[in-house]
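Everything below concerns the one structure shown next.
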Amino acid sequence: MSDLLVNNFTIKVGNVNGTGSASANALLMKIIFRMGVPVVGKNIFPSNIQGLPTWYEIRVTEKGYRGRSGDIDLMVAMNPESYKRDLAELSPGGILLYDDTWPRPHFLTRTDITVIGVPLARMCNAAFKVARSRILMKNVAYVGAVAALLDLDLDIIHTLLREMFASKPKLIDLNLQAIALGYDYAKENFGDVSKFKVKARDLTKGKVMMDGNTTAGLGCVYGGATFGAWYPITPSTSLMDAFVKYCKQLRINPDTGKHKYCIIQAEDELAAAGMIIGAAWNGARCFTPTSGPGISLMSEFIGFAYYTEIPMVLFDIQRTGPSTGMPTRTQQCDIQLCAYASHGDTAHILLFPADPSECFDMAVNALDLAERFQTPVFVLSDIDIGMNDWMIDELSWDDNYVPDRGKILLPEDLEGMEKFHRYLDTDGDHIPYRTLPGTDPKGAYFTRGSGHNKFGGYTEDGAEYKEVVDRLVMKWASAADKLPAPVVRKAKKPTKNAIISIGSCDGAVIEARDKLGADGVYLNYMRVRGFPFSSEVEAFIAEHDQVFVIEQNRDAQLRGLLLEHTNTPREKLVPLLHYSGEPLDYKFVRGALSEALKIRKSA
Amino acid sequence: MTSFTKPLIRRRNEPTNELGLVRADYDGAMSTLCAGCGHDAVTASMARAFFELSIEPHRAVKVSGIGCSSKTTAYFLRESHGINTVHGRMPSVATGAIAANHELTYIGVSGDGDSLSIGLGQFVHAMRRNVNMLYMLENNGVYGLTKGQFSAAADMGSTAKKGAVNELPPIDPVSLALAVGATFVARAFSGDREQLVPLIKAGLKHKGFGLIDVISPCVSFNDHKGSTKSYEHTYKYYNPAVHADYVPPSKQIKAAYDAGDIMPIELHDGGQITLRKLENGYDPRDRAAAVNKLFESGQSNEIITGLLYIDEDHKDMHEMARMEDRPLNEIPYAELNPGAAKLKELQKGFR
């Protein structure tokens, strides 16, 4: 048996949504994780509740890579609707497992793969009485069959099932029985077929499997947010679900049942934006989770918060656009929308997390930055980060953390002042002081989205107007060095070629770069984590002859921002774009880079 | 010059309120509205109501959207925080602000364009949530700042200044409020300060969403013959049906009222709203009766005013959200931080 096939392959399950496939897939992935072997899970699901094709990819990767491999080695084809496509997608040498209760001879058209038929439906129909159980258990049974093929640890499976159904003990036996059905049949009939194996390791210690919406919601709790407003939209809903869950656990006074938080499901995204502006203006830390269409709707309010200098934290869990687009498919397509959201001259602070761990940290950063700079701050996650379970280092917290509430004047500060003016740059750092309603008569001021001067008064005077908006752009620019710094990976040997990338591209970029490095192609790599860009970004570009900008959208939006905000000739930044809606895989990146380098060399 | 500071004029022997403040202490910047605008009378009534209630100006918050009416939040209570938001979206900003600190007194000022067209959705949802605020809808049936287009409050058959006839049915904010759960619903007229000031006081003291739909004529674009929101038309069909007043906890009901006509409603602060019925058999605690009365008065072109409906027992947003009494913005971070050990424990479920 080749070692290459141990702990290094990808399973894909094609199923019908609404049949319990999600929990079966989660179970399969967790078994491998518990065996100490790193895994990557990618859910490719329809915008639908029941009945449409859905896929789940589980990559087993001893090296701990975080992107997709671009190969499928074991296909579990549970959905006749997608059989044709699933068969075609399997890599040569791969195994296709399907439910042969209804035999499909056409699977035998490919001679470069192995086809395994397991009568899942027949076995489940015989074993279980209730119709719904038969459907659900069929999925658990395939986990059993896969476990037999890959040599998964049965003890771990049993422990996991007991944990998963601790509150519904009746289901434990049912699930154990279904696992046994699949496992025994596959062991008996196909015991030696699979060359792909999982061998226990010790590589997942100190790691957890979490999705970025959960960690972002948790980050909002730890960052001290007390208020959240939102309108349900895929794929951001689970962020608020997480905030609700943890607030219920951690923020309810057990004696009185009273809440130390307030969450409002707004009537639309416009109202959600207005609510967090109102709450922030009044001194509560708060946020709203949304996706691209929500940002479009919130844009007027975002401009209001920018001009009136009210803190605002927005999570944009990006999905494919334009318009409704493909709501359950991933992209990085809102970079420019968020950078300049709203009419008039505006520019905003953006943070780009690359994994759920950074979603947690950047949620806290965003709450601090919004209050420090009194302006909207966007955290640009996406479906891949937000809704897939990632293996990350266990989250940690510094108990010495103190929230940065920014420049707020308290009654004792106002006491010594002759008069308070809202928009005066008294410290020369472009950031004025604000006061909170209800605290002191001296602090009263009138907030207006109409033209105002540095004193906060209404104005239609051009010079007074310019004074304020000129300060705003300087304030924005001054945030560059206060954002999470770019992450730079230098190649083993000096090179004039480099990559700049962003967010969830990271896993695939790192792996492609490793593979190219092994072939003697060297590239330095910078992952930007904030906008406005720090001076390091321009310096990095200047150090190289050509820089490949890898991102997940059609229009090279990150490249556009780089051209706009650094002094770089256009031809130096080469766009490499992936925008099919599926998470990026390293083969695509490696292929695109090889192609581009070849063209460049021959030109 | 694009804004005006109103001079502070002190008079001798000026009456003071319980805080020792005079009425002028509740003024704001100079109004920039047209001479004779109904809104300026409403502004004066709001300032007087705050003065008479002895509310510390800095403990009040003014919120508004966009339009002539929304500009007026700058013209009273200069020592209060005010926020002039975006068009039709004042209710959401107010909702967020009130969630952050429910202890302040919130007054929203809007118009019929701001509330019934662009902002209809937010207006309705704030009422559904029973957000604890008084919402002044200064209703003139017309868009003033853009010079005379019909608003959604314009009555069918009424005419614009240049003669165009409105053929669309109006949206009546009072009927709407009754339908979606507002707990204090009133109609008033900017020309009757005797009725308006006590009504504003009662609305400010009511716990929950209070709406006062104030007919407030636009002298520049909707005060002509053919308008149903003109001074002349309003005076002609005006029917003050239920007079409401606020009585603080310490004061007794004035003996001047005929005992049989007074209906006291207990408030959460221990005070009372006293209702003086001008018509027999009308009970403003009966929502169905209020709806009927409105319909009947509509049939006869009568403009029925006063406190038409009140429900003092319904939970407001703060109570529905089960928030603790202390405002969210006063909870120290130490109480909000679950700590590193807890984070470790929480992650056990993710292995």
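Numbered from 1 within each chain, the chains take letters A, B, ... in sequence-line order.
Heavy atoms of B/Thr105 lying under 4.5 Å from chain A are absent altogether. Using a 4.5 Å cut-off between heavy atoms, B/Lys342 touches chain A through backbone and side chain atoms alike. Only the side chain of A/Lys30 comes within contact range of chain B, with heavy atoms under 4.5 Å apart. For a residue to count as touching a neighbouring chain, one of its non-hydrogen atoms must lie under 4.5 Å from one of that chain's; by this rule A/Ala229 does not touch chain B. Only the side chain of A/Arg251 comes within contact range of chain B, with heavy atoms under 4.5 Å apart. Contact annotation for A/Ile264: only side-chain heavy atoms (C-beta onward) come within less than 4.5 Å of a heavy atom of chain B. Using a 4.5 Å cut-off between heavy atoms, A/Lys442 does not touch chain B at all. For a residue to count as touching a neighbouring chain, one of its non-hydrogen atoms must lie under 4.5 Å from one of that chain's; by this rule B/Ser80 touches chain A with the backbone only. Using a 4.5 Å cut-off between heavy atoms, B/Pro57 does not touch chain A at all. Within the 4.5 angstrom heavy-atom criterion, atoms from both the backbone and the side chain of B/Leu343 approach chain A. At a 4.5 Å heavy-atom cutoff, the contact between A/Tyr222 and chain B is made by backbone and side-chain atoms alike. Contacts between A/Tyr307 and chain B at a heavy-atom distance below 4.5 Å are absent for every atom of the residue. Contact annotation for A/Thr308: neither backbone nor side-chain heavy atoms come within less than 4.5 Å of a heavy atom of chain B. Contact of B/Met90 with chain A is not made at all, since no heavy-atom distance falls under 4.5 Å. Looking at A/Tyr401, both its backbone and its side chain come within 4.5 Å of chain B, counting heavy atoms on both sides. Contacts between A/Thr226 and chain B at a heavy-atom distance below 4.5 Å involve backbone atoms as well as side-chain atoms. Neither the backbone nor the side chain of A/Asn253 comes within contact range of chain B; no heavy atoms are under 4.5 Å apart. Neither the backbone nor the side chain of B/Arg128 comes within less than 4.5 Å of any heavy atom in chain A. With a 4.5 Å cut-off on non-hydrogen atoms, A/Glu163 does not touch chain B at all.
Residue B/Arg129 holds its CZ atom at 8.5 Å from CD of A/Gln265, rounded to the nearest 0.5 Å. Note that the CD atom of A/Gln249 and the CG atom of B/Leu346 stand 5.5 Å from one another [nearest 0.5 Å]. Expressed to the nearest 0.5 Å, how far CE of A/Met210 lies from CZ of B/Phe350 amounts to 4.0 Å. The CD atom of B/Gln347 sits 4.5 Å away from the CD atom of A/Glu394 when rounded to the nearest 0.5 Å.
Of the possible polar contacts, none joining the B/Glu79 side chain to the A/Ala444 backbone as a donor-acceptor pair under 3.5 Å is found. Judged by distance alone, with hydrogens and angles left aside, the side-chain atoms of A/Asn282 form a donor-acceptor pair with the main-chain N or O of B/Ala97 at under 3.5 Å. Between the A/Arg34 side chain and the B/Arg351 main chain, a donor and an acceptor come within less than 3.5 Å of each other. Although no hydrogens or angles enter the test, the distance criterion places a donor-acceptor pair under 3.5 Å between the side chain of B/Arg59 and the main chain of A/Gly438.
Taking both residues in full, the closest heavy atoms of B/His58 and A/Thr439 are given as CD2-C, 3.9 Å, listed atom of the first, atom of the second, then distance. When every heavy atom of B/Ala321 is checked against every heavy atom of A/Cys262, the shortest pair comes out as CB-SG, 4.1 Å. Closest approach of A/Phe227 and B/Gly96 over heavy atoms only: CZ-CA, 4.1 Å.
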> Can you list the steps and then say if A/Phe304 with B/Ile83 is a side-chain contact (heavy atoms from CB on, under 4.5 Å)?
Replying inline: CA-CA 11 Å; A/Phe304 175 76; B/Ile83 183 164; 3.9 Å; yes
> Are A/His259 and B/Glu324 close enough, and set up right, to give a side-chain contact (heavy atoms from CB on, under 4.5 Å), and what steps lead you there?
Replying inline: CA-CA 6 Å; A/His259 297 187; B/Glu324 60 174 53; over 6 Å; no
>> Walk me through whether A/Lys260 and B/Glu335 qualify under side-chain contact (heavy atoms from CB on, under 4.5 Å).
In response: CA-CA 9 Å; A/Lys260 289 177 187 170; B/Glu335 284 185 48; 2.9 Å; yes
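Counting heavy-atom pairs closer than 4.5 Å to chain B, the top-ranked of the candidates A/Gly274, A/Gly224, A/Ala225 is A/Gly274. For chain B, the option among A/Thr214, A/Thr256, A/Leu250 with the highest count of heavy-atom pairs below 4.5 Å is A/Leu250. Considering only heavy-atom pairs separated by less than 4.5 Å from chain B, the leading option among A/Leu395, A/Val221, A/Ile277 is A/Leu395. Between chain B and the options A/Ile310, A/Val208, A/Ile263, A/Ile276, heavy-atom pairs under 4.5 Å are most frequent for A/Val208. No other option in B/Ala74, B/Ala126, B/Gly121, B/Gly349 has as many heavy-atom pairs under 4.5 Å with chain A as B/Ala74. Between chain B and the options A/Ala266, A/Ala271, A/Ala272, A/Gly283, heavy-atom pairs under 4.5 Å are most frequent for A/Ala271. Heavy-atom pairs under 4.5 Å with chain A were tallied for B/Ile331, B/Val124, B/Ile98, B/Val86; the largest tally goes to B/Val86. Here B/Gly82 is the residue among B/Gly82, B/Ser64, B/Ala341, B/Pro91 with the most heavy-atom pairs under 4.5 Å with chain A.
Proximity of A/Tyr261 to B/Leu336: side-chain heavy atoms (C-beta onward) are nowhere separated by under 4.5 Å. Taking the side chain as every heavy atom from C-beta outward, A/Val402 and B/Tyr333 never approach each other to under 4.5 Å. Under the 4.5 Å side-chain criterion, counting only non-hydrogen atoms from C-beta, B/Val93 is not in contact with A/Trp281. Between A/Arg285 and B/Leu328, the closest side-chain pair of non-hydrogen atoms is not below 4.5 Å. No side-chain heavy atom of B/His81 sits less than 4.5 Å from a side-chain heavy atom of A/Phe446. Contact annotation: the side chain of A/Leu270 never approaches that of B/Ser92 to less than 4.5 Å [non-hydrogen atoms, C-beta and beyond]. In this structure, B/Asn337 and A/Asp399 have side chains that are in contact, with non-hydrogen atoms separated by less than 4.5 Å.
Partners of A/His421 under the ring pair (Phe, Tyr, Trp, His ring centres under 6.0 Å) rule, at least two apart in sequence or in another chain, are A/Phe455.
Crowding of A/Tyr231 atom OH: a count of heavy atoms from other residues, nucleotides or ligands under 6.0 Å not exceeding 12. Residue-environment remark: CZ (A/Arg405) exceeds the threshold of 12 foreign heavy atoms within 6.0 Å.
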